[in-house]
Each structure stands twice: as C-alpha cells, then as structure tokens.
*Asks:* 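The structure under discussion is supplied below as structure tokens; questions concerning it will follow.
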Amino acid sequence: MASDQIQNPKSKIQNQITVALAGQPNVGKSTIFNLLTGLSQHVGNWPGKTVEQKTGTYHYNGVRVNIVDLPGTYSLSANSLEELIARDYIIRERPDVVVTIVDAAALERNLYLLAELLSLPAPVVLGLNMIDVAEQQGVQIEPHVLEAALGLPVVPMVATKNQGVRELMEAVDQVSQACPERRRNRATYAPIRPEIRGDHQAVLAQIQQFIAGAVPDPYPEDWVALKLLEGDEEITSMMRERLDEARWQEVHTILMQHEDAILAVAGGRYEWIGRMVRAAMVRPRMGQVTLTDRVDRVATHPFWGLLVLAGILGLVFWLTYTVGAPLQELLDTYLVQTGAEWVRSALSGAPAWLVGLLADGVIGGAGMVITFLPILVIFFAALGLLEDVGYMARAAYVMDRFMHLMGLHGKSFLPLFLGFGCNVPAVMGTRIVDSPRARLLTILVAPLVPCTARMAVLAVLAPIFFGPYATLVSWGLIGLSLMMLAIIGVALHELMLGGEHVAFIMELPLYHLPNARTIGLSVWQRTVAFLKKAGSIILVVSVVVWALSVLPGGEVESSYLAAIGRLLAPLGALMGLGWRMMVALLTSFVAKENTIATLGVLYGAGEEGARLAEILSGVLTPAAALAFLAAQMLFIPCVATVATIRQETGSWKWTAFSTMLLLVLSFSVGIVIYQVAMLVGWGV
Amino acid sequence: MREKCVPLTTLPRGEVGVVHELVGGVGFRSRLATLGFTPGARLTMLQNFGHGPLIVNIRDTRIALGRGEATKVLVERMTNGQ
C-alpha cells in the first residue's frame, strides 16, 4: 500500500517535497533540524494551538525540501496535545517523507515511535543519532544490519559533530524519488511492519469489519481499528459519531472485552522491536555505571540535589546582577535617555504634545523593551543551556515533591524561579511544562513571584514607612506574595483541573555536552518572539498611558489618569489610600519603577528622594502604608509581562482573566490588611 | 527465583524487577506502556528513598515516577539480580 503513496505527482512537478521530522524528546532532533535548515527557519505556532511549530527548507539534488519539525513525542497515541498534532499532520498533510530521529543509546524505546509511524502511509527514513554516546556505553549497532531488518534506510549520525547530515539528505532524496528508475542504490522501500500479536489479530479483524466504509478520509482503516483497540480517546469518539448505533454497540462490546489491549499492543510492538534489533545490536554486560548515573547520585538526591539546584540558580542570578543589571543601566543612559534628549532638542520648535509623545511615550516604551534585553538574553541562555545538557529534568525531579503540594508539576519550578528576576522569562519559560493545563496554571501564578523591579520599589518605600522595621516588613511581604501564589495555585488547580492529580512521569535524559548552536538559536528565537509580539503591545500601552497622564491639560494632577485615580478613591479609602496613591499603583502597570516616579510628581517632591520620604511618611498611617505595599506587590504585573502572557497563552480571554484575578487579589488583600491593622491600632 | 507481585514503590535501590501489570486508567497505562513499561520488561531501581518520587532504568532509559504513579506499577521482584 505504501509504495504507491510514495509517488506524489503534485510535489514532483513543483520540484519540491515536504518532509516531516519526527522523534521522541531528547534525541537531538532540534540539533538536526538546525543543521538541515540553518537560518531558514520560521518559528510559529501550530494552527489554533499554543504548541511551537518550526519549519524550514534546504535544497538537495535540485529539489527544494520543506521540513516541518513535529513536536517531540514518545508515541502517536492521544496521550498529549503534541502526539495529536504529530499524527494529525502525518495523516492529513501527507508529507512525502517522514524522517524519524532515534537515540542509539536507547534504541529499543526509541524505535517504539517508528513502530507506530510504520502503520501510517508515509515512507520513513531512520536517523540513528548519538551513535558516539551508544559506543561510549558499550552498545555497538550495525546500521546496515538494522537497515536490512527494517527494510528502510538507516543513516548513522552524530549530529553534535555534524556527522551524517548529508547522508540523511541523500536518503530522503532516494526515498522521495517518484519514478523507480531514478532511484539509484536502494531499489525499493519495503519496510517490515509490526503486526499485532496472534491472540488479538482476530479481534482486530472483527473491529475492522464493523468499521469498514465508515472511516472518514484520510484515516487508514486498519490504523483506526488498531487505535480503537488501544482505547485511543480521540479515535473512539470520532468513530462513535460516525458509526450507526447498532454497529457502534458491536464495536463497543468488543472493546469492553479487551480493555487491557493497550498493554498487549504495546508489548507486541516491543517484541517486534526486539526481533528487529537482535542481529544489529551488541549490548554490554549489565551493571555498567555511566557518567550520568554518577552525576545523578548527587543531582537527584533529595538533599544534595537541592543544594546543586540552589548553587546553579545562585550562579544565574549572580550573572544577572553582575552583567545584566549594569548593561541595562548603560543601555538606559546611553541609548534611551540620550535618544529622548536628542528628540527634545531636534524638535525644539515642534508642539509640546508631539515632543512629549515621542520622547516620553514612544521612546519610553521602546526603551523599556530594549532595557529588558540584557536580562532576558541571560535568562534565555541559562534556560537553554540547562535544557540542552539535560539538567532541567533533574531540577524538575528534585522540586516535584514541593510543587505537587499546589498541584503543579516539578517542571513548573524553574520558570517560576526565574520570575524572581523578571516575570517575562518566567512566562516564556513555561514552555518546558508539557501538559497544556499545567502550563496555563503556571503562567497564571507566575506574576505572583516578586520580580526585581517590585522588590526595588519595596526597598525604596519600606524604609520610608517603617524605618527600622523595613527589613522585617519586606520579608513579610515577599512571604505574603509566595503564600498567595501557593493559595491561588491550589485554588486554580481545584477549579481548572478539578483537583486532578498531575501525573509525574518523566524521562531523565543522558547528560551531554551543550551545543552552542542549539542554545544560540533558542535564545535568538525567544528574544525575537518577545520583541515582535510583546514589543508592539508594550509600545502601544506605554503611549496610551503616557497620553492618559498628560491629557487634556498637560499636567498629571488634572489628567485623565488622575480622574481614574479619583474614581477609584472610594476603593482606595477602604485601604486608607488617597487618589494619588491609587494613581501610583496604576502607573506601575507600565513599569513597576514608575510607582516612585509618579509619587514624586503627584506629591510635588520633584526628583529629590529625601523630600518624598518626608512627605510620604507624613501622609500615610502605618496601616495604610502596609496595605499599599501589599497591594503593590500583588498588583497586575507590568505591561511587558501581560503582553507576554497574551503571547504565550495565545488568548485574550486568559490574559484578561489573569489581569482581573490579580486586580481583585491585590485590592482584597490590601483592604483586609488595612482593616485588620486598624483593629490592632496601627491607624495612627 | 520469582516472588509474588509487589508495587514498584517497594523495590529497593539496585534491585531488578519485571513488570507484571499496570493498574489505572487507559491514559495512564498507555503513557507508561509507550515508555516501555509492558508486561515482561525488566527494570532496575536507581533511586528510592521510601518517600518522594523514584527513578528506574527501563529499556536503557531513566524514568522518574511520582510515588502515586509507581504504586500502580506491579512488578515481580527478582532475587540474585536474575
């Protein structure tokens, strides 16, 4: 059946073919994708999904090859969104060739995906990657023997050393050749397909008989029958709709009798794999202790593992403060402020509103985007490096027991931790969380991690209000934020997932040397994504907030922003806060640091910190000051974070939900703190 | 020599077991079966402190499992590592 599907006349005429790149996670698939496509990549999302889709092209033998990088999946069942995307693509889009990359060091488990791919009508080329790692572990594989056993091209590769890439291109070219006479070395593509075990063969035939004629195009009938037997949810509901009641009952009865068939089907596939590799693979004697095992004795230990994690995170933050923060200041002084001054002097004759719009609104917003870059690049590089060497899974492993307490997966820990530096990379970093709902939950709680900017505001204001108790109050408020994070996390987990237990099943990949190209590209792509998507939203919002703060009269005191602040005064009164404090809270939406600048303007203290301190300590009672700081810590994150939430969730609805949630939370906590503080007599 | 079936959580570090059965929903069994936890597959316990998640080596892969998940994997314990 497959050999006629190989001949896709449409693509041959246009002299271009489409290749889907499949593989399990941690097999070096993205390294190979990068080697094949170079910088011709396009990063986007799968249509209607928030799963990243990478596409690219290369030319070989006069043919333009379009590559679609499928999400990394262990199989093609309906266990995850990624698996659904991968199989839907192969079934519906009919790529000319599917290249599947396998890790030679864990060959049997990796071939499971191949066993599934072979039951779909697309020719497969096998890239046998990491043969160097396999050899280090004493595993010898004969690619030619494997090729003969499987009946499809097998290309040995060491992607990290750029070995085997041309051979892979050649094999793809061979398999995709439409006319048999143009094929040179390999005469035929004749794969040996896995067959279901004898005891289930009759059952499968029965199912296939009942569904015959009712399977929608382009699903292969035998594949649908197999998926029904496996208990695949998506295919089951599809066929329930398609079949008439009587036939569905027949099928359903058979399925109920073979509820445990998935184990037999999977077991059968592993038996097939065992037969395929038997002659091709020489395994070492058992009990070898590898480097990964030795490192993991420390890195995954419940105590030492935490110390290692703390050390690594400490290093990342040290880098951020010693390299990132000074760079940020340099950019601000030399690029943003100079730019604003240049605009002012160049437009000295222009109307004041235009100068203000450009110097404060546009350059202010663009400047904020630019000054974000050093910290983002450092965080993205750290994230990419830890991911690439294989450490990320260990961090998730040691943190899982703590994260589980609030219904989160261990993998949510790292992005959340990055939030202490900046909430933007925290939200973007949630991409490593593989369950979509757990990822959304992580994004929703991420803004409750106090970022450096929030803590900077706290560091300025706490001493003004609380003098010698400032440190105590600051730690208390940071603790409050994290407590709220835990409470909101548990609550959302109950509401969104119905308290459903997030299964912790995770591969711990082998450690390997980092690949600069892979990390560099991931930093580049994430940074560009931030600039393109979040950057424009930040710019627009900062112009709008600037306009609100000067219109109609040009003064903040009489602006629309002040009017909004006055509108919120009754709410503020519940926290003991006047309209000026409410406006300060609102402007923190553009950037957290704005809180202090706004207070300076509104209280007429100018640029001098000392006067502001004097005035502020006079206007607020300790109760109101505490309420204000608490509300400030829990308030909506800055516009950069909100824009990133929109980018990463792909939904304005969830972005609005996140904003409303934090708005309600911050005001409620502020009100409770003020009222309680009044009761205990801090109102004077 | 084979002993009777026990949950994976009771297998001490360094011990070898053979997967006997997976209990739980079809999604859970499908995920684990895909990763190689099929009846008859050998696994070695790499880390098990008696609390928290554990790590096993199965089909040349290190898989971390939460304790809840591991109790649903029934294994036959092998003595003498065979």
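Residue numbers begin at 1 in each chain, while the letters A, B, ... track the order of the sequences. No experiment lies behind these values; they were computed from the predicted model shown.
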*Asks:* Side chain, backbone, both or neither: which part of Pro53(B) has a heavy atom under 4.5 Å from chain A?
*Replies:* both
*Asks:* Which residue, Gln137(A), Arg109(A), Arg283(A), forms the side-chain hydrogen bond (donor to acceptor under 3.5 Å, both in side chains) with Asp60(B)?
*Replies:* Arg283(A)
*Asks:* With chain A, which of Ile63(B), Leu32(B), Asn57(B), Leu22(B) has the greatest number of heavy-atom pairs at distances under 4.5 Å?
*Replies:* Ile63(B)
*Asks:* Supply the atom-to-atom distance Ile55(B) CD1 to Leu508(A) CG, rounded to the nearest 0.5 angstrom.
*Replies:* 5.0 Å
*Asks:* Quick one: pull up OH in Tyr74(A) and CZ in Arg31(B) and give me the separation to the nearest 0.5 Å.
*Replies:* 9.0 Å
*Asks:* With a sphere of 6.0 Å drawn around CD of Glu271(A), does it hold more than 12 non-hydrogen atoms of other residues, nucleotides or ligands?
*Replies:* yes
*Asks:* For Ile58(B), which atoms come within 4.5 Å of any heavy atom of chain A: side chain, backbone, both, or neither?
*Replies:* neither
*Asks:* Would you indicate whether the side-chain heavy atoms of Val26(B) and Glu230(A) approach each other to under 4.5 Å?
*Replies:* no
*Asks:* Look at the side chain of Tyr112(A) and the backbone N and O of Leu35(B), then say whether any donor-acceptor pair between them is shorter than 3.5 Å.
*Replies:* no
*Asks:* To the nearest 0.5 Å, tell me how far Asp296(A) CG sits from Arg62(B) CZ.
*Replies:* 7.0 Å
*Asks:* Mind checking whether His301(A) and Phe49(B) have side chains closer than 4.5 Å, heavy atoms only?
*Replies:* yes
*Asks:* Between Ile505(A), Leu107(A), Asp232(A), who has the most heavy-atom pairs with chain B when the cutoff is under 4.5 Å?
*Replies:* Ile505(A)
*Asks:* Between Leu46(B) and chain A, which part of the residue has a heavy atom less than 4.5 Å away: side chain, backbone, both or neither?
*Replies:* side chain
*Asks:* Calculate, to the nearest 0.5 Å, the distance between atoms CG and CD belonging to Asp260(A) and Glu21(B) respectively.
*Replies:* 8.0 Å
*Asks:* Taking side chain as C-beta onward, heavy atoms only, is His51(B) less than 4.5 Å from Arg401(A)?
*Replies:* yes
*Asks:* Return yes if some donor-acceptor pair links the side-chain N/O of Tyr397(A) with the main-chain N/O of Leu65(B) below 3.5 Å, else return no.
*Replies:* no
